[in-house]
Amino acid sequence: LDENDIADAIQCYNNAASAFTAVAAGYPYEKYLYPLVTKKWTVGEQERAYPDMIWNDDMLYVMGYTYELLENYETAVIHYDELNQFYFGGSWADNGSFRKGQVYETQAGLEQDENNRKEYIDKAINTYEDLIDKFDTSSLADNSMFQIGRIYEQNEFYPKAIETYRKLIREYPDSDLVNYSWYSIGRSYEELGQKDEAISAYERVFGISGDPIYDLARAALINLRGY
């Protein structure tokens with residue numbers, strides 16, 4: 001992509017964000033430019049003016065994701081927060097919380113100042129924990145717990161990572177992430193220099209040849225045991 005392509009893409013995202021704002025506010029799509037220039041609608045105003053509009057939470061989620069793609073992370077978080085504030089029982093609230101955690105992880109990765117980076121890491125963990133607490137039956141609850149474990153592992157808090165992965169295995173035994181958790185436990189034990197515990201964890205990764213996580217576990221076992 002050249003600079004013109006990128007500029008066109010950004011303009012499309014900006015137009016989409018504007019259009020979604022206008023539609024959520026009750027304006028016809030083709031008339032969104034004028035009202036957006038003259039008035040900045042909040043979600044609360046939208047809700048009061050159009051309480052029966054079923055697409056409000058969908059629009060709010062897409063707006064948040066659009067701003068996230070535009071790397072306007074602060075605005076994205078505002079929209080994701082409003083999903084929980086105004087549409088807690090809606091179908092997008094848990095998704096908004098998960099994306100909010102992802103945004104904080106992204107910001108932590110971009111941050112040069114160590115104190116600010118740690119602050120974003122804490123925010124990400126707290127967001128995922130809040131999702132698990134509020135949406136315990138959500139399909140994203142196990143994903144959130146895995147993200148917490150991954151954050152601990154990436155930041156070399158290996159005992160906490162192991163504890164979190166084991167908790168996921170206990171509380172979500174049917175999750176697709178159980179194999180990944182056992183592998184991550186093994187990897188964390190390796191980093192701690194605990195070879196026997198690492199081998200035990202890798203041996204719990206089940207699957208068949210060709211399954212990427214299974215093959216990674218087999219390779220790790222061969223490296224540790226020599227066969």
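For E163, the CD atom is loosely surrounded, since the number of other residues' heavy atoms within 6.0 Å does not exceed 12. Sparse packing is recorded around OH of Y65, with 12 or fewer heavy atoms of other residues, nucleotides or ligands lying under 6.0 Å away. More than 12 heavy atoms of other shown residues, nucleotides or ligands fall within 6.0 angstrom of atom NZ in K123. Atom CZ of F157 has 12 or fewer heavy atoms from other residues, nucleotides or ligands within 6.0 Å.
Side-chain atoms of Y80 do not come within 3.5 Å of backbone N or O of N95 as any donor-acceptor pair. Looking only at distances, a side-chain donor or acceptor of D113 sits under 3.5 Å from a matching main-chain atom of N115. In this structure a side-chain-to-backbone donor-acceptor pair under 3.5 Å is present from D215 to G210.
Aromatic ring pairs are classed by plane angle as parallel below 30°, tilted from 30° to 60° and perpendicular above 60°; the pair F146 and Y180 is perpendicular.
With hydrophobic clusters built from ILVMFWY side chains whose heavy atoms lie under 4.5 angstrom apart, V77 shares a cluster with L69. Criterion: ILVMFWY side-chain heavy atoms under 4.5 Å apart, direct or through other members. Under it, Y73 and I78 are not part of a common hydrophobic cluster. Cluster membership for F98 and Y172, using ILVMFWY side-chain heavy atoms within less than 4.5 angstrom, is shared.
Taking 4.0 Å as the cut-off between side-chain N and carboxylate O, R150 and E153 do not count as a salt-bridged pair.
Just one of S138, S144, S139 meets the side-chain hydrogen bond (donor to acceptor under 3.5 Å, both in side chains) condition when paired with D94; it is S138.
The salt bridge (charged side-chain N to carboxylate O under 4.0 Å, His left out) test applied to R225 returns E203, not counting sequence neighbours.
Taking CD of Q154 as the start and CD of Q147 as the end, the distance is 8.5 Å to the nearest 0.5 Å.
In summary, the side chains of E119 and Y104 do not present any donor paired with an acceptor at a separation below 3.5 Å, with no hydrogens or angles considered.
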